[in-house]
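What follows is a set of notes on a single structure, which appears directly below.
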Amino acid sequence: LAPRDLEGLRVAVSAGGTREPIDPVRFLGNRSSGRQGVALAAEAAARGASVVLVATNIAGDVLADARHPSVRIVTAGSAAELADAMADAAADADVVIMAAAVADYRPVAVSDRKLTKESGGIPSIELVENADIVASLVAARRPGQLIVGFAAETPEDQDELIARARRKQQRKGVDLLVVNEVGWERGFESADNAVHVLGPDGAIAGEASGTKRAVASAVWDAVSDTLSSDRT
Ligand code: C5P
């Protein structure tokens, strides 16, 4: 039986991967399935939290794992929609987890009509940078609110992985950072995951590998530990 250590906690979790429209039928996207974020939402609910899950482009069978009376699901498509939905969800959350894979760039112009070969020439897509959602959540942070970021990295080795993660944690101003190594066969789209969790001091506060639910459980353990050490 899951512990009820998150009883009374209100949490907001983003999951999935954004899609940046190019024209009515095409988008720039990524391979995030949303499984890790869905597992985080399900685990939080099982441990007593009330959860808003902001789902971006998650397949129905994956999203079904988040079905629980204490999970409210909101959907968002692009990074801009996700930013709005997370700002709303975070406004009354005690813990915010940004597990979604957000596109760094979006097309400058979205065509109202499908681009075709007849449009002429070899097409190029001009891009503009998306705002960093988690950075704005940190800027708007409520007193006592804990914010958790994710980092998906393809490092040369373990030392580089942790060093990059620490820099990201500081740059974004998040309290905890969950870092996972991804590759063609690892992390995205797969059922299993392996992560390190950096605590508020940058030290490794947790490690887990296995199913995404097992990883979710370790992330919530680290959150729970951080909340109880803040209170003492
Ligand atoms: O910089 P990078 O994309 O690796 O950072 C990953 C973390 O930042 C994740 O928590 C992701 O959800 C978040 N992010 C964001 N807004 C962006 C890009 C990433 O909130 N535009």
Side-chain angles (χ1 to χ4, degrees), residues 10-42 44-45 49-68 70-115 125-142 145-152 168 171-174 177-178 182 187-189 212 216:
R10 295 162 305 170
V11 312
V13 178
S14 72
T18 65
R19 289 181 177 181
E20 308 305 313
I22 296 170
D23 69 16
V25 298
R26 303 187 183 91
F27 58 82
L28 295 175
N30 61 70
R31 293 175 55 199
S32 174
S33 65
R35 281 197 180 85
Q36 186 60 70
V38 164
L40 284 161
S50 97
V51 182
V52 177
L53 172 62
V54 180
T56 179
N57 305 299
I58 301 180
D61 61 326
V62 174
L63 203 52
D65 286 345
R67 241 185 260 140
H68 186 285
S70 303
V71 178
R72 182 163 70 85
I73 297 173
V74 176
T75 57
S78 63
E81 288 172 13
L82 181 61
D84 287 347
M86 279 308 284
D88 278 355
D92 44 22
D94 304 304
V95 179
V96 177
I97 302 191
M98 268 301 290
V102 185
D104 290 326
Y105 306 99
R106 67 179 183 277
V108 169
V110 181
S111 174
D112 282 338
R113 300 187 59 201
K114 185 184 165 193
L115 302 175
I125 299 170
E126 198 186 334
L127 302 176
V128 59
E129 197 166 346
N130 278 330
D132 194 303
I133 301 169
V134 78
S136 42
L137 297 175
V138 166
R141 181 206 296 269
R142 290 154 35 98
Q145 188 180 58
L146 197 88
I147 302 184
V148 184
F150 263 71
K168 187 161 290 181
R171 193 167 66 240
K172 303 216 172 207
V174 294
L177 189 85
V178 183
V182 296
F188 279 35
E189 289 181 330
K212 290 186 172 178

Would you call [X] and [Y] a side-chain contact if the rule is heavy atoms closer than 4.5 Å?
{"X": "K172", "Y": "V138", "answer": "no"}
{"X": "E20", "Y": "F27", "answer": "no"}
{"X": "R142", "Y": "D94", "answer": "yes"}
{"X": "V52", "Y": "D88", "answer": "no"}
{"X": "V148", "Y": "V178", "answer": "yes"}

Measuring from [X]:[atom1] to [Y]:[atom2], what's the distance to the nearest 0.5 Å?
{"X": "L53", "Y": "R72", "atom1": "CG", "atom2": "CZ", "answer": "10.5 Å"}
{"X": "I73", "Y": "I58", "atom1": "CD1", "atom2": "CD1", "answer": "8.0 Å"}
{"X": "R19", "Y": "T56", "atom1": "CZ", "atom2": "OG1", "answer": "8.0 Å"}
{"X": "I133", "Y": "T18", "atom1": "CD1", "atom2": "OG1", "answer": "7.5 Å"}

Heavy-atom donor-acceptor pair, [X] side chain to [Y] backbone, under 3.5 Å:
{"X": "S70", "Y": "A45", "answer": "no"}
{"X": "D23", "Y": "S111", "answer": "no"}
{"X": "R106", "Y": "S78", "answer": "no"}

Check this for me: does any side-chain nitrogen of one of D92 and R10 sit under 4.0 Å from a carboxylate oxygen of the other? no
Does R67 CZ have over 12 foreign heavy atoms under 6.0 Å away? no
With R141, which of V174, I147, L146 fulfils side chain to side chain contact (heavy atoms under 4.5 Å, CB included)? I147
